[in-house]
There are 2 protein chains.
Amino acid sequence: MKREKISELTTNRLSVYLRCLNDLAAAGIKTVSSQGLAEQFNLNSAQIRKDLGYFGEFGVRGVGYFIDDLRANLTKILGLDKPHRVGIVGAGRLGTALANYNGLSKSNFAVVALFDNDHEKVGHHVGPDRIPVYDVKKIAKVVRDEGIDVCVIAVPARVAQRVLNQVMAADVKAVLNFAPAALTARLGVKVKTVDLTTSLQSLSYFLARPQAGRLTNARRGVVRVDEIATSDRRDA
Amino acid sequence: MKREKISELTTNRLSVYLRCLNDLAAAGIKTVSSQGLAEQFNLNSAQIRKDLGYFGEFGVRGVGYFIDDLRANLTKILGLDKPHRVGIVGAGRLGTALANYNGLSKSNFAVVALFDNDHEKVGHHVGPDRIPVYDVKKIAKVVRDEGIDVCVIAVPARVAQRVLNQVMAADVKAVLNFAPAALTARLGVKVKTVDLTTSLQSLSYFLARPQAGRLTNARRGVVRVDEIATSDRRDA
DNA sequence: CTCTGTGAAGTCATTCACAGCG
DNA sequence: CGCTGTGAATGACTTCACAGAG
């Protein structure tokens with residue numbers, strides 16, 4: 001076990017490993033080798049061992065990893081053993097779609113509030129879970145009352161930085177941003193941006209040059225699918 | 001102008017530069033230096049010059065870049081001078097939210113079809129643009145008839161690989177995948193995955209260890225916000 | 001004198017390769 | 001003997017630093 005700084009590429013992969021382990025466990029499988037895991041993602045097995053090695057020695061030589069054990073360890077490492085409470089700023093289409101996305105609840109994230117500045121929306125409840133929509137001005141209070149620790153920004157780019165500032169003022173330390181804007185956060189606040197426009201435009205580049213992308217990640221006739229996570233580097 | 005292979009990190013940044021140039025143009029500004037652009041993203045100016053340098057010499061020494069000129073060049077490089085037609089597979093919440101997302105039309109992407117296997121949905125039309133929902137079995141025909149060149153996968157992880165196979169069989173070469181699954185594509189097909197669960201779990205890691213993420217990208221007291229694109233690397 | 005374009009250096013990430021445990 | 005854990009080697013991306021154009 002070392003004490004190095006862990007890159008986001010690694011944490012993204014840990015999340016993917018965990019998902020895979022959950023599937024394997026559901027299939028009744030008890031152990032898996034780094035090689036076996038690696039094949040699921042067209043990844044190098046040393047990569048997996050290195051990623052895990054930052055946090056401890058979870059494997060058994062000659063055998064591999066006990067799935068239940070590794071699963072528990074990864075869950076703990078990723079901080080998923082405690083539930084997270086999510087607030088979504090922007091009750092438009094994207095915001096409400098995310099509020100009802102089932103994928104989140106599976107991994108201990110519960111959406112407990114939406115925020116909007118449209119008075120038509122404030123006071124209403126959204127989706128089968130009846131998530132309340134609050135006035136965006138009440139962020140600080142609702143964050144405190146509801147114990148929100150993660151916010152999602154789903155507002156137009158124009159106002160995204162202002163919203164981020166409000167969210168930071170409410171002392172939220174983790175933000176997932178869907179606005180196509182370069183945001184600046186203060187130290188200690190982690191912002192991850194998911195930029196659909198950029199993703200599509202990047203695809204467009206490869207469409208325009210079919211030869212591009214051939215060489216990278218090609219292996220055994222398949223192409224490794226991107227971003228074993230969200231891709232990204234440098235936060236990129 | 002060289003002839004090297006361009007990484008996805010670079011194409012992601014090009015998209016971000018283009019967006020910024022559009023904003024600057026709208027503000028009536030005529031020229032910008034790499035330094036000026038870099039400050040918008042907390043990026044190194046050499047990075048920007050290098051990214052552009054892969055494609056030509058667009059700058060003027062002593063001056064910087066003419067915004068209109070660079071904008072036209074980037075648009076061409078990214079293949080955004082020709083319109084793209086998008087089909088979305090999965091007419092659930094996420095799929096319909098994306099179908100109505102205005103951000104796409106802005107950059108020459110038009111959503112022209114949704115696909116679903118739920119017969120309740122097939123035949124209906126979605127949103128203010130009345131986008132038709134087709135039976136997923138008809139993908140190949142609709143792709144041909146409508147000239148679709150990009151598909152979005154917004155279905156449960158369980159069926160994502162099957163859907164990708166159908167999409168590839170319809171000869172679509174660019175796919176944006178929202179399903180939390182490691183997909184395998186054949187050579188010549190580019191898949192970019194946006195994985196919300198992984199993004200959130202990665203945030204959870206940093207919440208669990210506030211000291212993590214401190215060192216990276218810190219500069220002048222601010223933290224560069226991640227993934228100037230979709231973050232990532234290795235398509236990642 | 002300013003700012004680009006670009007080799008060279010530096011930094012960070014992935015893969016190799018193997019010692020050594022079970 | 002198989003498979004982990006890990007230093008060493010390689011490769012990729014970023015930043016430095018400066019020659020030279022305007």
Side-chain angles (χ1 to χ4, degrees), chain A residues 1-14 17 31-39 41-67 69-70 73 213 215-219 224 227-229 231-236, chain B residues 1-14 17 31-39 41-67 69-70 73 213 215-219 224 227-229 231-236:
Chain A
M1 175 107 165
K2 323 308 170 20
R3 209 17 59 244
E4 304 177 35
K5 55 187 165 353
I6 307 302
S7 94
E8 200 158 331
L9 294 169
T10 294
T11 60
N12 286 342
R13 282 190 300 261
L14 292 179
Y17 303 157
T31 67
V32 67
S33 67
S34 59
Q35 182 60 42
L37 257 186
E39 280 162 9
F41 318 118
N42 307 338
L43 215 65
N44 185 296
S45 66
Q47 177 88 83
I48 293 178
R49 295 197 299 277
K50 250 217 165 126
D51 285 339
L52 297 177
Y54 293 127
F55 299 96
E57 306 202 352
F58 304 120
V60 181
R61 289 159 199 243
V63 176
Y65 302 87
F66 287 103
I67 286 174
D69 177 49
L70 185 54
N73 276 299
L215 299 168
T216 317
N217 295 341
R219 208 164 341 149
R224 167 67 195 103
E227 310 204 288
I228 199 168
S231 110
D232 68 218
R233 195 220 268 241
R234 222 22 45 116
D235 289 23
Chain B
M1 176 109 164
K2 326 302 172 24
R3 224 340 97 236
E4 303 177 36
K5 54 187 165 354
I6 307 302
S7 95
E8 202 159 329
L9 294 168
T10 294
T11 60
N12 286 343
R13 281 190 301 261
L14 292 179
Y17 303 157
T31 67
V32 67
S33 67
S34 59
Q35 181 61 40
L37 258 186
E39 280 162 8
F41 318 118
N42 306 337
L43 216 64
N44 185 294
S45 67
Q47 176 88 83
I48 293 178
R49 295 197 299 276
K50 254 220 162 123
D51 286 338
L52 299 176
Y54 292 128
F55 299 95
E57 306 203 352
F58 304 120
V60 181
R61 290 161 199 239
V63 176
Y65 302 87
F66 287 104
I67 287 174
D69 177 51
L70 185 54
N73 276 298
L215 299 169
T216 316
N217 296 339
R219 212 170 332 155
R224 166 68 193 104
E227 312 205 287
I228 200 171
S231 223
D232 179 304
R233 194 220 268 244
R234 228 12 52 119
D235 174 48

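Just so it is clear: chains get the letters A, B, ... in the order the sequence lines come, proteins before strands, and each one is counted from 1.
Taking both residues in full, the closest heavy atoms of Leu52(B) and Phe58(B) are given as O-CE1, 3.7 Å, listed atom of the first, atom of the second, then distance. The two residues Ile48(A) and Ser34(A) have their closest heavy-atom pair at CD1-O, 3.8 Å.
Separation of atoms CG (Asp51(A)) and CG (Leu37(A)) is listed at 11.0 Å; rounding is to 0.5 Å. The distance from atom CZ of Arg49(A) to atom OH of Tyr54(A), rounded to the nearest 0.5 Å, is 13.0 Å. For the atom pair NZ (Lys5(A)) and OG1 (Thr10(A)), the distance works out to 11.5 Å, reported to the nearest 0.5 Å. Glu8(B) contributes atom CD, which lies 5.5 Å from atom CG of Asn12(B) (distance to the nearest 0.5 angstrom). The CD1 atom of Ile6(A) sits 8.0 Å away from atom CG of Leu14(A), with the distance rounded to the nearest 0.5 Å.
In this structure, Ser7(A) reaches the dA13(C) phosphate: one of its side-chain N or O atoms is under 4.0 Å from OP1 or OP2. Applying the 4.0 Å criterion to OP1 and OP2 of dC3(C), one finds that Ser33(B) has every side-chain N and O outside that range. The phosphate of dC13(D) (OP1 or OP2) has no side-chain N or O of Arg13(B) nearer than 4.0 angstrom. Side-chain N/O atoms of Tyr65(A) include one lying less than 4.0 angstrom from OP1 or OP2 on dG5(D).
Remark: P of dT15(D) and CD of Gln35(B) are 12 Å apart, rounded to the nearest angstrom. Look at OH on Tyr54(A): it is 11 Å from P on dT6(D), rounded to the nearest Å. Taking atom CG of Leu70(B) as the reference point, atom P of dC3(C) lies 16 Å away to the nearest angstrom. The interatomic distance linking Phe66(A) (CZ) with dC3(D) (P) rounds to 13 Å, in whole Å. Rounding to whole angstrom units, CG of residue Asn73(B) and P of dT4(C) are separated by 15 Å. Rounded to an integer number of Å, the gap from Glu57(A) CD to dA19(C) C1' is 14 Å. Between the CG atom of Leu9(A) and the P atom of dT11(C) there is a distance of 19 Å, given to the nearest Å. The interatomic distance linking Ile6(B) (CD1) with dT14(D) (C1') rounds to 15 Å, in whole Å.
Using a 4.0 Å heavy-atom criterion, one finds that Thr10(A) contacts no nucleic acid atom at all.
Closest to the side chain of Val60(B), out of dT15(C), dG22(D), dT14(D), is dG22(D).
The stretch residues 45-52 of chain B touches DNA chain C through Arg49(B), Lys50(B), each having a heavy atom within less than 4.0 Å of the strand.
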